[in-house]
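Just so it is clear, the model here is predicted, and its values are computed rather than measured. Chain naming here is simple, since letters A, B, ... match the order of the sequence lines and numbering starts at 1 in each.
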There are 2 protein chains.
Amino acid sequence: MYERNEYPRPMVTVDTIVFALREDDLQVLLVRRRHPPFEGTWAIPGGFVEMDETLETAAQRELEEETGLACVALEQLYTFGDPGRDPRGRSITVAYFAAVPAGSVVARAGDDAAEVGWWSINDLPPLAFDHDEILAYALTRLRYKLEYTAVGFSLLPEQFTLTQLQAAYEIVLGVRLDKRNFRRKILSAGILSPAGGYCAGEGRPARLYQYRDDAVAEVKARRLFP
Amino acid sequence: MYERNEYPRPMVTVDTIVFALREDDLQVLLVRRRHPPFEGTWAIPGGFVEMDETLETAAQRELEEETGLACVALEQLYTFGDPGRDPRGRSITVAYFAAVPAGSVVARAGDDAAEVGWWSINDLPPLAFDHDEILAYALTRLRYKLEYTAVGFSLLPEQFTLTQLQAAYEIVLGVRLDKRNFRRKILSAGILSPAGGYCAGEGRPARLYQYRDDAVAEVKARRLFP
DNA sequence: ACAAAAGTGTTGAGAGTACACCCATGC
DNA sequence: GCATGGGTGTACTCTCAACACTTTTGT
């Protein structure tokens with residue numbers, strides 16, 4: 001056996017799955033790796049945890065370094081640590097996930113990323129490490145959360161129409177919802193307030209709404225949909 | 001900056017919170033630490049991850065080594081990794097939790113545990129590291145899971161009466177439930193089958209039930225209680 | 001005027017909740 | 001026979017799901 005402080009230590013990384021609704025589809029932000037292993041392969045943005053930062057801070061930092069995306073609310077997803085998941089040696093990754101509005105600007109590729117891109121969840125490239133497993137898990141969790149909490153709103157711009165909101169739910173959940181029932185339910189939940197403006201489009205202009213930040217973040221005790 | 005493989009590495013541990021219903025109360029299994037830091041202080045059982053085992057295997061192994069408890073179903077809870085949570089240096093712990101029947105035998109204290117004991121969740125001793133925070137989180141999660149899934153059954157022996165099951169729900173959730181509504185709901189969920197026997201007690205003997213393992217593990221799509 | 005999207009109510013079914021008494025056994 | 005816990009049914013309310021037409025704008 002080893003003395004307490006002489007245990008061999010695994011590498012510890014953080015990875016962040018970022019979801020957005022783009023092109024009528026649920027997409028995730030991926031980076032093409034600039035370094036081995038899996039050089040040139042697409043992967044979830046992430047990297048090594050520094051010794052003096054929290055895990056969430058590390059996730060934020062790596063996300064910004066590799067994709068330019070900053071200031072997004074992260075939630076811890078799961079920790080993956082099977083031996084053999086990394087060819088360099090024992091490695092444990094704490095996965096985080098986020099949902100962002102479609103308009104979020106993704107600046108540049110960073111030091112460790114040769115390229116940054118959005119990929120449809122239904123049409124993914126081959127992925128590095130066990131990142132396909134992590135993504136599958138993240139998708140399950142996103143759907144689950146959508147039914148119980150208010151994550152749906154973080155996929156939309158600050159102001160949005162009820163039709164946009166319904167479309168977001170339909171795309172993520174992969175089901176069609178009844179317009180009247182949807183509107184009644186979301187309005188009676190009391191988490192939206194009219195923004196006052198209208199959004200002109202091809203037909204009749206639609207009322208704009210915004211999320212009431214005075215509503216508790218977690219929509220309590222009752223699922224929203226279906 | 002460091003070369004890839006030369007990053008300083010945090011220590012990685014696993015900790016397992018074990019819940020049981022004892023003495024009409026929700027209790028957790030704790031160990032008194034045999035070694036520094038926090039020597040002599042109560043803590044959640046756990047320890048260092050070896051390089052060739054999965055995180056869950058590590059949690060199982062440490063739990064058995066320190067408390068003698070084996071073969072329990074674990075679920076990953078959360079990963080805690082704030083710098084400063086361990087005086088020895090940067091340390092990250094992957095927390096697991098389990099619910100076991102009251103009768104589960106806890107054998108002996110192990111190498112790293114001077115003593116093993118059950119503590120009521122409402123009357124805990126001072127705890128090592130950030131273990132109070134971890135326990136609070138585990139309790140929240142247990143309550144949450146109880147409403148949506150079938151964890152309630154893992155707190156009971158294989159065969160149990162409906163009154164025992166109701167008491168389990170009441171203790172964990174901290175609320176009183178209506179007997180008739182409880183029985184109707186739990187029976188109509190179709191996850192129990194009569195075991196055939198009866199449990200003699202002070203009054204009329206109570207019918208014994210068991211959990212139907214052909215029922216899907218997660219009671220799907222509808223919360224059980226309230 | 002017409003195309004295109006926004007907006008709006010009602011009804012029937014099922015689930016949740018509140019509530020009080022009889023039944024089987026041990027002592 | 002009585003104390004103790006086991007077991008049962010009904011009425012009301014509320015939420016959910018199904019369903020189609022009118023309104024407002026741009027072209």
A.B. asks: Whole angstroms only, please: what is the CG-C1' distance between L177(A) and dA6(C)?
C.D. replies: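 Atom-to-atom, L177(A) to dA6(C), this comes out as 17 Å.
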A.B. asks: Taking only the side-chain heavy atoms of R184(B) (C-beta and beyond), determine which of dT25(D), dA6(C), dA18(C) contains the nearest atom.
C.D. replies: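 From the listed options, dA18(C) comes nearest.
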A.B. asks: Hey, is the side chain of R183(A) poking within less than 4.0 Å of OP1 or OP2 on dG7(C), counting only N and O atoms?
C.D. replies: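 Yes.
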A.B. asks: In this structure, how many angstroms lie between the P atom of dT8(C) and the NZ atom of K179(A), rounded?
C.D. replies: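 From K179(A) NZ to dT8(C) P: 10 Å.
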A.B. asks: Expressed in angstrom and rounded to an integer, what is the separation of F182(A) atom CZ from dA18(D) atom P?
C.D. replies: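 Nearest whole value for this atom pair: 16 Å.
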A.B. asks: Between K185(B) and dG16(C), is there a side-chain N or O to OP1/OP2 distance below 4.0 Å?
C.D. replies: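 Yes, because at least one side-chain N or O of K185(B) sits under 4.0 Å from OP1 or OP2 of dG16(C).
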A.B. asks: Distance check needed: dC16(D) C1' versus I186(A) CD1, whole Å only.
C.D. replies: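 Computing the I186(A):CD1 to dC16(D):C1' distance gives 15 Å.
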A.B. asks: Between dG7(C) and R204(A), is there an OP1 or OP2 to side-chain N/O distance shorter than 4.0 Å?
C.D. replies: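 No, no such contact exists.
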A.B. asks: Using ring pair (Phe, Tyr, Trp, His ring centres under 6.0 Å) as the criterion, point out the one residue from F38(A), F80(A), W42(A) that pairs with F129(A).
C.D. replies: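 Exactly one candidate clears the test, F38(A).
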A.B. asks: Are R141(B) and E75(B) ion-paired here, with the side-chain N under 4.0 Å from a carboxylate O?
C.D. replies: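 Salt bridge present between R141(B) and E75(B).
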A.B. asks: Can you classify the ring geometry of F153(A) versus Y211(A) as parallel (below 30°), tilted (30 to 60°) or perpendicular (above 60°)?
C.D. replies: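 Parallel: the ring planes of F153(A) and Y211(A) meet at under 30°.
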A.B. asks: Taking only the side-chain nitrogens and oxygens of T163(A), find out if one of them lies under 4.0 Å from OP1 or OP2 of dA5(C).
C.D. replies: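 For dA5(C), OP1/OP2 do not have a side-chain N/O of T163(A) under 4.0 Å.
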A.B. asks: Mapping D178(A) and Q164(A) to their closest nucleotides on DNA chain C, which lands nearer the 5' end?
C.D. replies: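 Closest to the 5' end, via its nearest nucleotide, is Q164(A).
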A.B. asks: Name the residue closer to the 5' end of DNA chain C, choosing between G203(A) and E202(B) according to the nucleotide with the nearest heavy atom.
C.D. replies: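 The answer here is G203(A).
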A.B. asks: Quick one: which of dG6(D), dG7(C), dC19(C) gets closest to the side chain of R207(A)?
C.D. replies: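 Among dG6(D), dG7(C), dC19(C), the one nearest the side chain of R207(A) is dG7(C).
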A.B. asks: Expressed as a whole number of angstroms, how long is the span from N181(B):CG to dA11(D):C1'?
C.D. replies: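 In whole Å, dA11(D) C1' lies 12 Å from N181(B) CG.
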A.B. asks: Let me know the distance between CG of L208(B) and P of dG6(D), rounded to the nearest Å.
C.D. replies: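 After rounding, the gap between these two atoms is 11 Å.
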A.B. asks: Separation of L165(A) atom CG from dA6(C) atom C1', in whole Å?
C.D. replies: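 One finds 15 Å between C1' of dA6(C) and CG of L165(A), rounded.
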A.B. asks: Y169(A) vs F182(A) aromatic rings, parallel, tilted or perpendicular, using cut-offs 30° and 60°?
C.D. replies: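 Judged by the thresholds at 30° and 60°, the geometry between Y169(A) and F182(A) is perpendicular.
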A.B. asks: Taking the side chain from S154(A) and the backbone from V151(A), do they hold a donor-acceptor pair closer than 3.5 Å?
C.D. replies: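 Present.
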A.B. asks: Take the protein atom CZ of R180(B) and the nucleotide atom P of dG6(D), then report the distance between them rounded to whole Å.
C.D. replies: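 In whole Å, dG6(D) P and R180(B) CZ are 15 Å from each other.
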